[in-house]
Amino acid sequence: MADNIEQSNKEQAEGDVGEITPKSEDFSRWYIDVVRRAELADYTPVKGCMVIRPYGYGIWENTRDRLDAQLKATGHQNAYFPLFIPEGHLQREAEHVEGFAPEVAWVTHGGNNELEERLAIRPTSEAIINSLYSKWVRSWRDLPILINQWANVVRWEKVTRFFLRTTEFLWQEGHTVHATEEDAEEETLRILEIYRSLIEEDLAVPVITGLKSEGEKFAGALRTYTLEALMGDGRALQVGTSHNLGQNFSKAFNIRFEDKNQELVYAWTTSWGVTTRLIGAMVMTHGDDQGLQLPPRVAPYQVVIVPIPGKQFEETVLPAARSLRDMLATAGIRAHLDDREEHTPGWKYNEWELRGVPLRAEIGPRDVKKEQAVLVRRDNREKAFVSLETVTEVATEILESIQADLFERASTFVAANTRTAADYDSFKEIMDGPRGFIEAPWCGDEANEAQRIQEDTSATIRCLLADRKPDGGCVICGKPAKHVAIFAKAY
RNA sequence: CGGGGCGUAGCGCAGUCCGGUAGCGCACCUGCUUCGGGAGCAGGGGGUCGGAGGUUCAAAUCCUCUCGCCCCGACCA
């Protein structure tokens, strides 16, 4: 007993570093520790709902701005639809209601009066948006309609986790209407590619893209395309979906138009979304035992400047640090000067590494004399002494290099954890061991085979590789395979 | 929603078995000295022990109920 107390006192005496559980010891705890210590999010008095704190929200704003620009560039416009959906509207598409029913939150009263018709708090907006589209679409000349909405949605989840699954979350949802099936399919794939570039190039999170199986597709969709990322604990995380809804919703909501042949026909619709879950994916992909690691393109601060105190601090070092900040800002770099007097430089180094700032600039009395700054990378701690004359160019280059290296490192991990399984025994062995992605041929039998594999191994079909032809028999039953599937245990 | 664990100062915990005026480290406040990898000394402030009932002269501690969080399983971005 005395030993335990001594032990715990010793650990405490070593400082705050121990506040983050090592990644290898307990991945889930590590994730929660990083999210809280980096001040991305915190718990609230509302069960299942988190607050996204300014630093975390800054990441979301940068992510959002990048995606928004891409959507605008491809002809989409933003709009805003009601938070409430009348119950009758939600029920118009049968599969859709059934899919979402268990997780809808209902408004039953306005003030003290019970409502005649309950209002759903949107779990997604197909129902409300498509009902309006039916008013707006008359002629082929009205198409396509390309609308996106940035909004919050609510899904009554039983188990929640910061960013990955919360009762309320932020997202964008695009809803488009097209004249032909080909146009709708083209839109669905165009968005998939925009998502891929956002997630891989801006968030530096590698993904596998593909088609959802019938059992996993969006409720009411004809086809669902997905982007799947692999987390450090060997589990897959769906980070975006793009749905070709076919004519299911246009029929349910009566979206018809007169085509060039003067025929009244149903339109083709799509919907697609990414959420604040992207932040969780990024944390888990790049973080380490020191804490968070942010890709420069979405980091709220790309460079943090830590001035080193000494004699004549106010007269020499501090002005130099301010001027460095201004130079970086002028060059378009998001730079933050940490001029707090209550912390030592060493403390600040640790703090900003924990918060994932990609690049640190130190400037002290010696640097002022030499007219230089010291640049230190968060990812590998590589140090560079750089003349103030070229510091913005060098910093820009290093940030680009960090962006590329983060993606590279993550890709190496995914490649090392993507395995093929020739037979069911080796499949089970992988899922018992390191998990990760398993690529294997699959016969397409949902009811029996896909369920069996989940019961046996807890893996599910994450996606079907659209451009790959299977050779050999189904990994589960041995019957002729129809698809090459990616299996994994999902979040 | 089932199984397990945890709620004591901002954070991490001890104290609970065996009831008796709530403690430690870090953080915070004041002052001085410091500052190139989580500074030192001195002084100081802060807690309805998750919540509600109950037992008792007396409850963080015992009993009942309840809420929240975490982990593992079944459903979802």
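Just so it is clear, the values below take in all heavy atoms, side chains as well, and ignore hydrogens, waters and symmetry mates. Since this is a predicted model, take the numbers as computed values, not measurements. Proteins get letters first, then strands, A, B, ... in listed order; numbering begins at 1 in each.
The interatomic distance linking A:D33 (CG) with B:C6 (C1') rounds to 14 Å, in whole Å. Atom pair A:E342:CD and B:G40:P shows a separation of 16 Å (rounding to whole Å applied). In this entry the distance linking CZ of A:R340 with P of B:C28 reads 10 Å, nearest Å. As rounded to whole Å, 12 Å separates atom C1' of B:A27 from atom CD of A:E351. With rounding to whole Å, A:H343 atom NE2 is found 14 Å from B:G36 atom P. For the pair A:Y349 OH and B:G37 P, the interatomic distance rounds to 6 Å; values are reported in whole Å. At whole-Å resolution of the value, CD in A:E39 and C1' in B:G10 are 11 Å apart. If you take CZ of A:R36 and P of B:C11, they are 7 Å apart, rounded to a whole angstrom.
Between the C1' atoms of B:C18 and B:G31, the separation comes to 46 Å (whole Å). The separation of B:C6 from B:G12, taken at their P atoms, amounts to 16 Å, rounded to a whole angstrom. B:G19 and B:A59 are spaced 6 Å apart, taking the C1' atom of each and rounding to whole Å. Spacing of C1' atoms, B:A58 relative to B:G54, comes out at 15 Å, to the nearest Å. B:C41 and B:G5 have their P atoms separated by 42 Å, with the value rounded to a whole Å. B:G47 sits 25 Å from B:C63 when the C1' atoms are compared, rounded to a whole Å. Taking atom C1' on both B:A14 and B:U33, the two are 34 Å apart, rounded to the nearest angstrom. B:U8 sits 15 Å from B:A52 when the P atoms are compared, rounded to a whole Å.
Salt-bridge check for A:R196 with A:E193: passed, with a basic side-chain N closer than 4.0 Å to an acidic carboxylate O. Between A:D233 and A:K23, no side-chain nitrogen of the basic residue sits less than 4.0 Å from a carboxylate oxygen of the acidic one, so the salt-bridge criterion is not met. Residues A:E228 and A:K212 are paired through a salt bridge, judged by an N-O separation under 4.0 Å between the basic side chain and the carboxylate.
Distances shorter than 4.0 Å separate none of the side-chain N or O atoms of A:T344 from OP1 or OP2 on B:G38. A close approach under 4.0 Å does not occur between any side-chain nitrogen or oxygen of A:Y31 and OP1 or OP2 of B:C70. Applying the 4.0 Å criterion to OP1 and OP2 of B:C67, one finds that A:K47 has every side-chain N and O outside that range.
If you check every strand for non-hydrogen atoms under 4.0 Å, A:V153 touches nothing. Among the atoms of the strands shown, base atoms are found under 4.0 Å from some heavy atom of A:E353. As judged by a 4.0 angstrom heavy-atom cut-off over every strand, A:G48 is placed among residues touching the sugar-phosphate backbone only.
Pairing for B:G7 goes to B:C67, judged as Watson-Crick or G-U wobble with the two contacts each under 3.5 Å. Nucleotide B:C18 forms no Watson-Crick or G-U wobble pair with any nucleotide shown, as no partner meets the under 3.5 Å limit on both distances. Pair assignment for B:C1 gives B:G73, based on Watson-Crick or G-U wobble hydrogen-bonding distances that are each under 3.5 Å. Under the Watson-Crick or G-U wobble criterion, with both distances below 3.5 Å, B:G38 is left unpaired in every strand shown. In this structure, B:C28 and B:G44 make a Watson-Crick or G-U wobble pair, each of the two defining distances being under 3.5 angstrom. Across all strands shown, B:A60 remains unpaired; no Watson-Crick or G-U wobble contact has both distances below 3.5 Å.
When all heavy atoms are compared, the tightest approach of A:G220 to A:E93 is CA-OE1, 3.8 Å. Taking every heavy atom of both residues into account, A:L237 and A:L164 meet most closely at CD2-CD2, 3.9 Å.
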Next item on the list: Go through A:T188 and A:W272 one step at a time and tell me if the side chain to side chain contact (heavy atoms under 4.5 Å, CB included) criterion holds.
Entry: CA-CA 8 Å; A:T188 310; A:W272 26 273; 6.0 Å; no
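Taking every heavy atom of residues 356-373 of chain A and every atom of RNA chain B, pairs under 4.0 Å involve A:R360, A:E362, A:G364, A:P365, A:R366, A:D367, by number.
Within the 6.0 Å centre-distance limit, the rings of A:F427 and A:F487 are counted as a close aromatic pair. Taking the ring centroids of A:F218 and A:F100, they lie under the 6.0 Å cut-off. Aromatic pair A:Y195/A:Y225: centroids not less than 6.0 angstrom apart.
Remark: A:L192 CG to A:S197 OG distance equals 10.0 Å, nearest 0.5 Å. A distance of 12.0 Å separates CG of A:N350 from NE2 of A:H343, quoted to the nearest 0.5 Å.
Aromatic ring pairs are classed by plane angle as parallel below 30°, tilted from 30° to 60° and perpendicular above 60°; the pair A:W171 and A:F169 is perpendicular.
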Checklist line | B/S/- contact track for nucleotides 71-77 of chain B, protein heavy atom under 4.0 Å | finding: S-BBSBB
